[in-house]
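Indexing begins at 1, ligand by ligand and atom by atom, following the structure's order. Any value given below was found using the heavy atoms of this structure, including those in side chains, with hydrogens, waters and symmetry copies removed. All residue numbers refer to positions in the sequence shown, counting from 1.
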Amino acid sequence: MNDSVPPEILIDTREMRRALGQFATGVTIVTCLGPDGVPNGMTANSFASVSLDPPLVLWSLDRRARSFAAFSEADRFAFSVLAQDQVELSNRFARPGADKFGEVAWEPGLGGVPLLPDPAAHFECRRHTVFDGGDHLIIVGRVERFVRYERRGLVFAEGRYGAIAPHPGTGGVPVEEVSDARHPYDDFLVPLLFRAYNHLFKAFAETLVAEDSDGGQMRILSILSSHGPVDEGELLTKTMLSETRFDEACQALIAQAYVRPAGGDALAITATGEAKLADLLRHAARRERDSTSGLDATEVEMLRVLLRKLVLHHEADQ
Ligand SMILES: Cc1cc2nc3c(=O)[nH]c(=O)nc-3n(C[C@H](O)[C@H](O)[C@H](O)COP(=O)(O)O)c2cc1C
């Protein structure tokens with residue numbers, strides 16, 4: 001077999017860039033000091049782990065970069081692994097040449113190499129090896145110091161920034177913790193929503209009792225507050241309460257002057273009712289903050305968005 005001359009393969013560079021974009025990465029800003037002691041930095045997603053023993057990482061440096069000379073000669077360099085709220089910083093350091101450091105509050109690390117603020121992690125390196133990598137230079141660094149921060153990393157894929165979200169197929173459990181012990185029942189939305197609802201509502205229910213109210217009354221007040229006067233039949237459907245609970249709740253609300261008859265079968269919320277609802281909502285917000293305080297704020301927000309979508313999806317057909 002003749003393997004000396006590989007066949008000519010035509011590669012469409014744009015398509016190859018798009019195909020490479022299918023591989024999701026994090027985003028770093030790599031920094032060094034130039035020979036003149038001036039800080040250099042650029043956004044780089046070619047950062048990759050190489051070895052734990054010895055501790056090595058690599059990145060590839062575009063030969064056309066203005067800071068090529070500084071990075072290709074630097075004995076020390078550092079990576080600030082960006083957190084998911086640092087898109088602006090990433091864009092800033094991806095713009096060629098300009099004064100990237102400006103008002104950025106960086107701090108000098110080992111050898112004075114700049115470390116950027118509030119990252120997900122820092123890796124401070126000493127140059128280990130440099131390889132030719134075509135139009136890039138592959139620079140391997142030996143990690144001398146690193147810090148991991150409790151911040152979610154920024155993601156880059158398909159030419160866009162993204163955020164880390166747990167894969168639905170793993171129930172959000174880290175790979176090493178996924179086990180077969182989970183009952184398939186736990187994969188269904190209804191039991192998950194039901195259990196989550198019970199946990200979240202438990203704490204708030206105590207507040208409602210203390211406030212001489214209940215979930216049904218609060219639901220009626222919120223519907224009347226956002227819709228104006230509503231006929232009792234329609235109100236009953238919207239609250240999803242049983243008829244008995246609905247009647248009890250309406251009577252209690254009318255007795256406390258939170259709700260008043262508004263002609264025909266309609267009911268309306270009063271000014272006192274609006275004040276009561278505002279008070280209950282304040283309590284609910286505080287309880288919700290407490291119940292979700294150990295969770296990632298972005299994920300909680302994502303959950304809110306998804307649940308809203310789910311509700312709208314079904315209510316649109318009604
Ligand atoms: C998400 C992202 C990742 C990047 N990764 C790299 C990289 O790994 N290596 C590189 O040389 N340039 C990379 N770039 C481009 C450089 O950040 C950009 O060319 C920068 O302006 C170079 O700065 P300079 O010309 O001032 O040296 C990346 C840009 C973005 C937006």
Quick one: side chains of residues 29-42, donor-acceptor pairs under 3.5 Å with protein atoms, not counting sequence neighbours, listed by atom name and distance.
unit_1	atom_1	unit_2	atom_2	d
Thr31	OG1	Ala78	O	3.3
Thr31	OG1	Pro114	O	2.6
Asp36	OD1	Val38	N	3.3
Asn40	ND2	Val38	O	3.1

Taken in chain and number order and not counting sequence neighbours, the residues that satisfy salt bridge (charged side-chain N to carboxylate O under 4.0 Å, His left out) with Asp290 are none
Val155: hydrophobic cluster co-members (side-chain, 4.5 Å): Ile164
Just checking, any donor-acceptor pair under 3.5 angstrom between side chains of Thr298 and Arg152? no
For ligand 1, would you mind listing the residues that have at least one heavy atom less than 4.0 Å away, ordered by chain and number? Met42, Thr43, Ala44, Asn45, Ser46, Ser60, Leu61, Asp62, Ala65, Arg66, Ser67, Phe93, Ala94, Arg95, Pro96, Gly97, Lys100, Phe156
Tell me whether the count of non-hydrogen atoms from other residues, nucleotides or ligands lying under 6.0 Å of CG in Leu52 goes above 12. no
Scan Glu73, Arg63, His136 and name whichever one has a side chain to side chain contact (heavy atoms under 4.5 Å, CB included) with Phe68. Arg63
